[in-house]
Asks: 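One structure coming up, written as structure tokens, with questions to follow.
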Amino acid sequence: MKKKKGRGPKVNQKQERQQPVTKKLENKASKSQALEGQVQERQEAGTGDKVFEERLSRHHDELRWLYMELYGNGSMFAELCENLYTFYKERNSSLKESDLEREKNTDWYQQNDMLGMMFYVDNFAENMSGVKEKLGYLEKSNVNYIHLMPFLETPEGRSDGGYAVSDFRKVQEKLGTMDDLEQLTAACHRRKINVCMDFVMNHTSEEHEWARKARQGDGEYMSRYFFYDNASIPEEYEKTVPQVFPTTAPGNFTWLQDAGHYVLTTFYPYQWDLNYQNPRVFNEMMYNFLYLVNRGIDIIRIDAVPYIWKELGTPCRNLKQVHTIVRMMRMVSEIVCPGVLLLGEVVMEPAKVVPYFGTVEKPECHMLYNVTTMATTWHTVATRDTRLLKKQLDIVNGLPKDYVFLNYLRCHDDIGWGLDYGTLQGEGMGERSHKEYLNQYFLGHTGESRSRGELYNADPVTGDARFCGTTASMCGVEKAGFEQDEEEMDKAISLDVMLHAYMFMQSGIPVLYSGDEIGQVNDYSYKEDPNKAEDSRYIHRGVMNWELAEKIQQKDSVEGRIFNRLSCLEKIRKTEKVFVNQADTKTVDTKDTSVLCIERSLKDDKIIGIFNFSEAEKIAHIEETDGDYQDMLSGGKVKAFDVKLPGYGFYWLKRINPSIS
């Protein structure tokens, strides 16, 4: 077994093994019945809030059934219900009004006006107050949904980009306070901008209050994690649980010399996995969740969803209990704050992603990231071959229209090449060799690449590695700018804009990473910061360059050319109803593997998007004879028949005067 730090003790088979069993709180029948009776009495007497009681009544039986199935603890369930009412009462009137409105219009987030942007608060505008001052810029960027990357309290130098939370109810001091957050969310709501934040519920920082008490030997708090006093059980886990970071953080356990125990740390040694077999953990994390949404958060991004439930003898991924927890979380939300959306971070292939939507009758997450399509998009850029991308888009387009994906080109994280290698094998591409090709391509070393970036977590044994870089740098803007090559810059900008136009055409909600709207390139200054130098993901998490942002008014600048072309596309998307999530979306054969065609239709409206993933001129051999078409960018009439596209060019064509059959 690999240990993340410390040498650990020799295993003594006679030594009594401490197992991470849930510490049973006293479940006296009288206490449980009394607490449940209070809920029932309030319902019958009508002394509570009618709206709350109706919501609770709607979900109570299923919630209780799932809770008791998982925990068998009636008193803890009753406590949960009592606290749901407490958090509901604390929710301010404007948020309650929003909840009521969204309950009436449950598809409010599935419309064509949604455009997101994600950013770190300090990188974007120094602090919460700074973000509030930049809301005008966000509106100018057509953004109405901002994802504030992790901003809760984390230890300096051991934060994993903010994903090692030491206090779920405190903002990092350099970013502001909870009052500042509430002022920001209120200001956003006045401008019809939704706010998203990360809820890291799989683990806490080792500096969290629970972890500190557990480290001191407090059994109550040790039971909230996975502690073992010798290596026997950790070694059993290691037989079935994959490693997340085999190079930078090998193994799944960390030896704590001072505590004399191993603790489960799936990600990094300073991130201790929570034990959701303990109902106290579930309850307390739900209270943290509700506390945060009551600060005005509209969308909760559940970090690392598949990892939440751990069980010996399994991969500790995607276990059925995870879905029980997410389903209960969805009901908790619908009882207290039904206007809040759950966004699941599930970085897996489509077959394992889709179950996290739940079912129509028993929904789980409202939205999920379209991770596989993102990675396949860059594969398509490197190969100029759209076949795999077309296949995956067909899969997504065949799903129920209530399933909402977040589409993106780049985010805060690296790109892992989790592609469909079964399909690629049939096209002569081996997994290891193709991953190596992709990384070499985007490093700028092969395939006539214009990309620049760096590898992350490269494993010399398996040859596996992930890639880091901004959209603009991967498209060639950085290289062309450094070489002062105008012809290459034209190609880079064309590729950048074409990729965004293609992303906007997909079914779901498009999300930009801050700086992509102006073509911001890689930031290599992270290497000068000892707390970041070992993490190459900071190359694409650079500070927003507001001097460059001012150049958007200069139409001939790189920033102006990208910003204004994207703005034009974004405005078209917001005015054309055919971009709603309920529209029919499909791919159309172009007879050329370099060219992708996507069709969207709603009633009599129809739009065709044609995208050339090659730098060479191509002809899309499509035969749309059901009416005349108009180029939505130039306004000119176009025959949707054997459409000629320049290198990295695209068309958005709208049908006008549909033919009558």
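None of these values were measured; they are calculated from a predicted model.
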Asks: What's the verdict on ring-ring contact (aromatic ring centres under 6.0 Å, His included) for H60 and F77, showing C-alpha distance, side-chain angles and the deciding distance?
Replies: CA-CA 10 Å; H60 179 273; F77 176 74; 5.5 Å; yes
Asks: For Y120 and H412, take the angle between the two ring planes, folded into 0 to 90°, and tell me which bin it lands in: parallel under 30, tilted 30 to 60, perpendicular over 60.
Replies: perpendicular
Asks: Answer yes if the side chains of T86 and Y287 hold a donor-acceptor pair under 3.5 Å, and no otherwise.
Replies: no
Asks: Less than 4.0 angstrom from a charged side-chain N to a carboxylate O is my criterion; do K532 and D523 meet it?
Replies: no
Asks: Examine distances only and state if a side-chain atom of T470 and a backbone atom of Q520 form a donor-acceptor pair shorter than 3.5 Å.
Replies: yes
Asks: Under 3.5 Å, is there a donor-acceptor pair between the D198 and H147 side chains?
Replies: yes
Asks: Going through the distances and angles, do R280 and E79 end up as a salt bridge (charged side-chain N to carboxylate O under 4.0 Å, His left out)?
Replies: CA-CA 10 Å; R280 174 54 62 195; E79 180 208 282; 2.8 Å; yes
Asks: Using a strict cut-off of less than 4.0 Å between a Lys/Arg side-chain nitrogen and an Asp/Glu carboxylate oxygen, indicate whether E220 and K213 qualify as a salt bridge.
Replies: no
Asks: Using modelled atom types only, decide if a donor and an acceptor are shared between the side chain of T247 and the backbone of A458 within a distance under 3.5 Å.
Replies: yes
Asks: Can we say R58 and E334 salt-bridge, meaning some charged N sits less than 4.0 Å from an Asp/Glu carboxylate O?
Replies: no
Asks: For a 4.5 angstrom cut-off between non-hydrogen side-chain atoms, does R301 reach M118?
Replies: no
Asks: One thing to verify: whether D160 and R537 come together as a salt bridge, which I'm taking to mean a side-chain N less than 4.0 angstrom from a carboxylate O.
Replies: yes
Asks: Ignoring hydrogens and angles, tell me if any N or O in the side chain of H366 forms a donor-acceptor pair with the backbone of R330 under 3.5 Å.
Replies: no
Asks: Please list, chain by chain and in numerical order, all residues satisfying ring-ring contact (aromatic ring centres under 6.0 Å, His included) with W546, sequence neighbours excluded.
Replies: F124, Y137
Asks: Any carboxylate oxygen within less than 4.0 angstrom of a Lys/Arg side-chain nitrogen, looking at E156 and K174?
Replies: no
Asks: Quick one: are H208 and D167 in side-chain contact, heavy atoms under 4.5 Å?
Replies: no
Asks: Angle class for the F227/H261 ring planes (parallel below 30°, perpendicular above 60°, tilted otherwise)?
Replies: perpendicular
Asks: Does R190 use its side chain to pair, donor to acceptor, with the backbone of I193 at less than 3.5 Å?
Replies: no
Asks: Between Q172 (side chain only) and L152 (backbone N and O only), is there a donor and an acceptor less than 3.5 Å apart?
Replies: yes
Asks: Is a side-chain donor or acceptor of N252 paired with a backbone partner of L264 at a separation under 3.5 angstrom?
Replies: no
Asks: Should E284 and R224 count as an ion pair when the cut-off is N to O under 4.0 Å?
Replies: no
Asks: Looking only at side-chain N and O atoms, does D273 offer a donor or acceptor that is under 3.5 Å from a partner on N202?
Replies: yes
Asks: Please enumerate all residues that pass salt bridge (Lys or Arg N to Asp or Glu O under 4.0 Å) together with D180, with sequence neighbours excluded.
Replies: none
Asks: For Q321 and L70, indicate whether the former's side chain and the latter's backbone hold a donor-acceptor pair under 3.5 Å.
Replies: no
